[in-house]
Every structure is written in structure tokens, then in C-alpha cells.
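Taking it in order: structure first as C-alpha cells, then the write-up.
Note that the structure is predicted; figures quoted are calculated from it, not measured.
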Amino acid sequence: MVSWDSLVGSTNSSIESSTLFFLTGIPGYENVHHLISIPFCVLYLIGIVGNCTILHVIHTDKSLHEPMYYFLSMLSITDMGMSISTLPTVLRVFWLDAREIEMNICIFQMYFIHTFSLMESAVLLAMAFDRYVAICDPLRYSSKLTPQRIIYIGVLIIIRCSIAPPVILVRIPTFSFCRSHNLSHSFCLHQDIIRLACSDISFNILFGLFVVVFYFGIDSLGIFVSYAFILRSVLGIASKGGKLKALNTCASHICAVLILYVPMIGLSLVHRYAKHSSPIIHITMANIYLLVPPVLNPIIYSVKTKQIHQGFLKILSVKTLGLTHT
């Protein structure tokens with residue numbers, strides 16, 4: 001005969017197990033996780049420090065208080081948001097081997113990861129529009145992209161990108177997870193957690209597809225159309241030097257677009273067509289998608305954008321002088 005205490009204990013145990021998930025580092029390399037954490041820490045440090053430096057340069061240099069650099073500030077804030085969203089759990093897994101994560105915390109992390117990912121795409125669309133106006137309609141550049149309109153664009157991006165994730169994330173606590181509770185990454189992703197559910201996940205799959213099409217699809221189409229008009233305008237410039245100068249102003253943005261969308265497409269293809277491939281492939285693609293843009297964007301803009309490059313050099317020279325005086 002089953003006692004009441006054992007029944008309650010069994011119920012509590014099932015509830016506890018149903019609300020706990022287990023993150024994964026690098027399978028098969030658990031004994032060297034401390035060493036593997038070093039490149040991760042370097043990447044996080046470069047991404048956070050690099051984007052903070054860009055924000056500092058734009059804030060302190062009044063000559064950079066222009067639409068292009070306001071949008072670059074939005075991109076840097078979004079990049080830092082993506083980095084900070086994954087940083088705590090990644091370091092916990094690699095440093096402390098603390099793999100357990102409670103469902104609500106996992107959902108909380110998913111919200112920020114997916115929201116900042118959507119915001120990154122939307123900011124890149126806004127930057128494409130900025131380049132379109134600057135090259136195709138330069139005389140009305142300042143009148144079209146006023147500080148007030150830029151604020152409106154920023155607020156619209158936040159609202160647009162923050163309302164979609166909760167629609168599918170609020171359903172996750174209602175799911176039953178009768179299979180493994182082991183996640184594939186050292187952070188929580190929606191497509192990773194729903195594969196463990198034993199409930200009907202049709203709505204999550206369909207709405208996730210809608211988000212991809214409506215957000216990333218429209219953003220990428222808008223970027224493509226903007227550059228089609230930019231290319232047509234550039235080809236109308238008579239001098240070769242003028243063409244190169246116009247295209248050079250778009251080089252950093254084009255690189256930022258490729259850095260976001262190429263890993264995103266790669267991760268989607270891996271999840272869709274390589275479900276049974278090595279876990280290392282899934283982990284590598286997910287980390288590239290979430291870590292590479294925040295790291296490379298500040299590097300690209302500091303190298304390709306003269307004003308940002310000069311701002312970096314000023315900061316380095318001030319620090320160097322300070323060290324020599326001490």
C-alpha cells in the first residue's frame with residue numbers, strides 16, 4: 001500500500017523534474033570545459049568592450065551625432081543584449097559545471113535571446129534605409145531622418161520585436177516533457193526546448209514559421225530592395241571614384257547583414273535537415289549565430305568607418321598617455 005508521504009514525495013519529484021532542464025556544454029569534452037571557456041570569455045569580452053567603446057565614441061564625439069551613428073548605437077546596444085542574454089548560463093556551464101536551469105529562468109532567457117535577435121534584424125533594416133536615403137536622396141537626408149523620427153523608429157523596433165516571443169513562450173509551461181530534459185546548448189532556445197515536449201506543439205511551430213517569414217523575411221526583403229535602389233543610383237554616378245566612395249559607405253553595413261543572416265540560415269538548415277548529425281555541429285552553429293555578430297560588428301565598424309576608427313585611436317592614446325604618466 002502506497003503511503004501518503006511517498007505519494008506526495010513522488011508528486012513533488014515529478015513536478016520538480018518537469019520544471020528543470022539541463023544545459024549542455026561540449027559533449028565529450030567535459031573534462032576540459034575550463035580550457036574551452038577561455039575563448040568564450042575572450043569573445044564575450046571583445047563583444048561587450050567593443051560595443052561599449054562604440055557607444056562611448058558616438059556619445060562623446062558631437063560630430064558623430066548623425067542618423068547613421070544613431071542607428072549604429074542601436075546595433076551596438078542590441079549586440080550587447082544578445083551577449084549578456086547568454087553570458088550567465090554559458091559561464092555557469094563551463095566554469096561551475098552547473099547545468100540545471102529552472103523553466104521560468106529558461107523562458108526568461110529565451111525571451112531576451114529571441115527578442116534581441118529580432119531587433120538586430122530590424123536595426124539592420126533601418127540602417128539599410130539610412131544608406132538608401134543618404135545615397136539616393138542626399139539633399140533631404142537631414143530632413144527625412146530627424147532625431148525625432150529616429151527615436152520613433154527605435155521605439156517601433158522595440159515594440160515590434162518584443163510582442164512576438166511571448167505569444168509562443170507563454171505556452172511552454174503548459175507542455176508536458178516526458179522525454180529527456182537535456183537541452184542541446186549552454187543556453188535556452190525555443191526550437192531546442194519544444195523538441196523535448198510530448199504535447200501538441202503545432203501552434204509553436206506554425207507561429208515560429210510566421211515569425212521567421214514576417215520578421216526576418218520582411219527585413220531581409222527590405223534590405224535587398226534598399227540595396228537594389230542604392231546600386232541603381234551608384235551606377236548612375238559618372239566617376240569611378242564616386243562609385244567606390246558611395247559603395248564604401250555601405251561596406252560595413254553589408255558585412256553586418258552577412259554576419260547575421262548567414263549563420264542564421266546555417267543554423268536553420270542544421271535544425272531542419274541535419275537533426276541526427278553530430279551535436280558539435282548544432283552547438284557550433286548556435287554559438288556562431290549568437291556570439292559572432294556582437295564580436296565582429298564593432299571590429300568591422302572600427303576598421304571600415306573612419307570616424308569610429310579615429311575615436312578608438314583617441315581612447316587608446318589617452319589610456320597610453322595615462323599609463324606613461326603614472
Quick check on the 6.0 Å ring-centre criterion: do [X] and [Y] meet it?
X    : Y    : result
F207 : F210 : yes
Y227 : H253 : yes
Y44  : F40  : no

Tell me if a side-chain donor or acceptor on [X] pairs with a main-chain N or O of [Y] at a distance below 3.5 Å.
X    : Y    : answer
R131 : C250 : no
S302 : I299 : yes
T24  : L183 : yes
Y215 : R160 : yes
S121 : S117 : no

First locate atom CD1 of I193, then atom CD of Q109, and finally report the distance between them rounded to the nearest 0.5 Å.
10.0 Å

Whether the D130 and Y141 side chains hold a donor-acceptor pair (N or O, under 3.5 Å, no angle test) is what I'd like checked.
yes

Side chains of H33 and D97: is there a donor and an acceptor less than 3.5 Å apart?
no

Let's go through F129 and F71 carefully: what are the C-alpha distance in whole Å and the side-chain angles of both, what is the deciding distance for ring pair (Phe, Tyr, Trp, His ring centres under 6.0 Å) to 0.1 Å, and is it a yes or a no?
CA-CA 10 Å; F129 177 71; F71 288 123; 8.2 Å; no

Pair H181-F22, ring pair (Phe, Tyr, Trp, His ring centres under 6.0 Å): steps then yes or no
CA-CA 6 Å; H181 285 223; F22 299 93; 7.2 Å; no

Please check if the number of heavy atoms outside F203 that lie under 6.0 Å from its CZ is greater than 12.
yes

For R171, is there an ion pair with D200 - N to carboxylate O distance below 4.0 angstrom?
no

If the plane angle is over 60° it's perpendicular, under 30° parallel, otherwise tilted; pick one for F112 and F108.
perpendicular

